[in-house]
Amino acid sequence: QVQLVESGGGLVQAGGSLRLSCAASGRTSNTYPMGWFRQAPGREREFVAAISRSGGRTDYVDSVKGRFTISRDNAKNTVTLQMNSLKPEDTAVYYCAAGYSGSDWYTTPRVENEYASWGQGTQVTVSS
């Protein structure tokens, strides 16, 4: 089991930037595909970005392409989501998720049930 802790959320004005981090602990000897999801008030949780076990492949929801960048440091067991040009519609609780250790080396899952572990979430609020 992997434990995930997110940090870096906060309040920012539209057009600003935030950097979210996710630290993994526990059974981190294997690497996992990692993802970020978000849930806005009154809405279902949605996929934001994912990165493969190797770190060589990434995937993004269309609404954040060109603004968000996901990256990972397997040596430090961390994954980061750099968010630039933030918009009020990016306001949500952001969750880090870890996939399954048996996943393909290059997969970037978009579906929640392809992730085995979840963090507690960090609030991101973008004011207009």
Side-chain angles (χ1 to χ4, degrees):
Q1 189 72 13
V2 177
Q3 291 78 47
L4 304 171
V5 177
E6 302 98 335
S7 61
L11 173 64
V12 65
Q13 289 188 333
S17 298
L18 281 175
R19 185 179 180 89
L20 303 184
S21 294
C22 176
S25 62
R27 296 189 63 182
T28 57
S29 57
N30 295 319
T31 58
Y32 312 86
M34 299 293 294
W36 287 94
F37 288 73
R38 65 186 179 187
Q39 186 168 23
R43 301 187 66 177
E44 293 186 353
R45 189 157 58 183
E46 67 168 350
F47 169 78
V48 177
I51 189 166
S52 63
R53 292 175 64 190
S54 68
R57 288 191 179 178
T58 58
D59 189 20
Y60 300 91
V61 67
D62 285 348
S63 60
V64 309
K65 284 181 180 177
R67 299 188 298 122
F68 291 12
T69 302
I70 188 172
S71 60
R72 69 188 297 161
D73 185 334
N74 287 342
K76 296 181 179 179
N77 295 319
T78 58
V79 63
T80 299
L81 185 68
Q82 177 68 42
M83 305 186 296
N84 299 327
S85 302
L86 283 161
K87 304 175 180 180
E89 51 263 44
D90 294 318
T91 295
V93 177
Y94 283 71
Y95 297 90
C96 174
Y100 293 91
S101 60
S103 299
D104 181 83
W105 194 244
Y106 297 105
T107 191
T108 51
R110 283 181 162 239
V111 181
E112 288 191 34
N113 64 12
E114 294 182 275
Y115 289 89
S117 303
W118 293 82
Q120 81 289 351
T122 185
Q123 177 69 47
V124 171
T125 303
V126 184
S127 63
S128 58

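In this text, all values refer to a predicted model and were calculated from it rather than measured experimentally.
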Just how far is it from atom [atom1] of [X] to atom [atom2] of [Y], taken to the nearest 0.5 Å?
X: Ser54; Y: Arg72; atom1: OG; atom2: CZ; value: 8.0 Å
X: Ser128; Y: Glu89; atom1: OG; atom2: CD; value: 10.0 Å
X: Leu4; Y: Met34; atom1: CG; atom2: CE; value: 5.0 Å
X: Leu81; Y: Thr122; atom1: CG; atom2: OG1; value: 11.0 Å
X: Ser52; Y: Tyr32; atom1: OG; atom2: OH; value: 15.5 Å

Side chains of [X] and [Y] in contact at under 4.5 Å (non-hydrogen atoms):
X: Ser21; Y: Thr78; result: no
X: Trp118; Y: Arg45; result: yes
X: Met83; Y: Val12; result: no
X: Val64; Y: Arg38; result: yes
X: Ile70; Y: Val79; result: yes
X: Thr91; Y: Gln123; result: yes
X: Trp105; Y: Thr31; result: yes

Ignoring hydrogens and angles, state whether a donor on the side chain of Thr80 or Gln82 is under 3.5 Å from an acceptor on the partner side chain.
no

Identify whether Tyr100 and Phe47 are in the same connected component of the hydrophobic contact network (ILVMFWY, side-chain heavy atoms under 4.5 Å).
no

[X] side chain to [Y] main-chain N or O, any donor-acceptor pair under 3.5 Å?
X: Asn74; Y: Arg53; value: yes
X: Tyr115; Y: Pro109; value: yes
X: Glu6; Y: Gly121; value: yes
X: Tyr60; Y: Arg67; value: no

Step by step, would you call Asp62 with Lys65 a salt bridge (Lys or Arg N to Asp or Glu O under 4.0 Å)?
CA-CA 5 Å; Asp62 285 348; Lys65 284 181 180 177; 3.1 Å; yes

Would you call the rings of Tyr94 and Phe68 parallel, tilted or perpendicular, where under 30° means parallel and over 60° means perpendicular?
tilted

I would like to know whether Arg110 and Asp59 meet side chain to side chain contact (heavy atoms under 4.5 Å, CB included); could you show each step before the answer?
CA-CA 8 Å; Arg110 283 181 162 239; Asp59 189 20; 2.5 Å; yes

